[in-house]
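What follows is a set of notes on a single structure, which appears directly below.
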Amino acid sequence: MYDRVHIYEQVWGWGATGDPSIVREHVRRVRKKFAEAGVDGEVIETVWGVGYRWAAR
């Protein structure tokens with residue numbers, strides 16, 4: 001599992017200024033792209049209060 005802050009730091013780096021909540025928007029866009037590609041079900045699951053994880057298939 002990955003929390004938003006961890007994802008933000010891995011993508012934009014430790015010294016980046018900004019808001020880790022932008023990760024939520026990027027995850028939304030990635031989910032949309034999976035759906036448009038015909039992938040069935042959730043590929044990225046939200047773990048409330050924790051972050052995100054890849055869904056077991």
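In this chain, residues are counted from 1 in sequence order. Quick caveat, the model's predicted, so the values are computed rather than measured.
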Shared hydrophobic cluster for V5 and Y52 (ILVMFWY, side-chain gaps under 4.5 Å)
no
Any chance you could lay out the side chain to side chain contact (heavy atoms under 4.5 Å, CB included) test for E25 and R28, step after step, and finish with the verdict?
CA-CA 5 Å; E25 178 63 21; R28 184 188 71 77; 2.5 Å; yes
Going from CZ on R53 to OG1 on T46, what distance comes out if it is rounded to the nearest 0.5 angstrom?
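Between atom CZ of R53 and atom OG1 of T46 there are 10.0 Å.
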Taking only residues two or more places apart in sequence, or in another chain, which ones meet V50 in a side chain to side chain contact (heavy atoms under 4.5 Å, CB included)?
M1, V47
Listed by chain and number, what are the side chain to side chain donor-acceptor pair (under 3.5 Å) partners of [X], not counting sequence neighbours?
X	value
S21	D19
R24	none
E36	none

Which of parallel (below 30°), tilted (30 to 60°) and perpendicular (above 60°) describes H26 and W12?
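H26 vs W12 ring planes: tilted.
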Only pairs at least two apart or in different chains count here, so list each side-chain hydrogen bond (donor to acceptor under 3.5 Å, both in side chains) that has a residue in residues 2-11.
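Listed once each, the pairs would be none.
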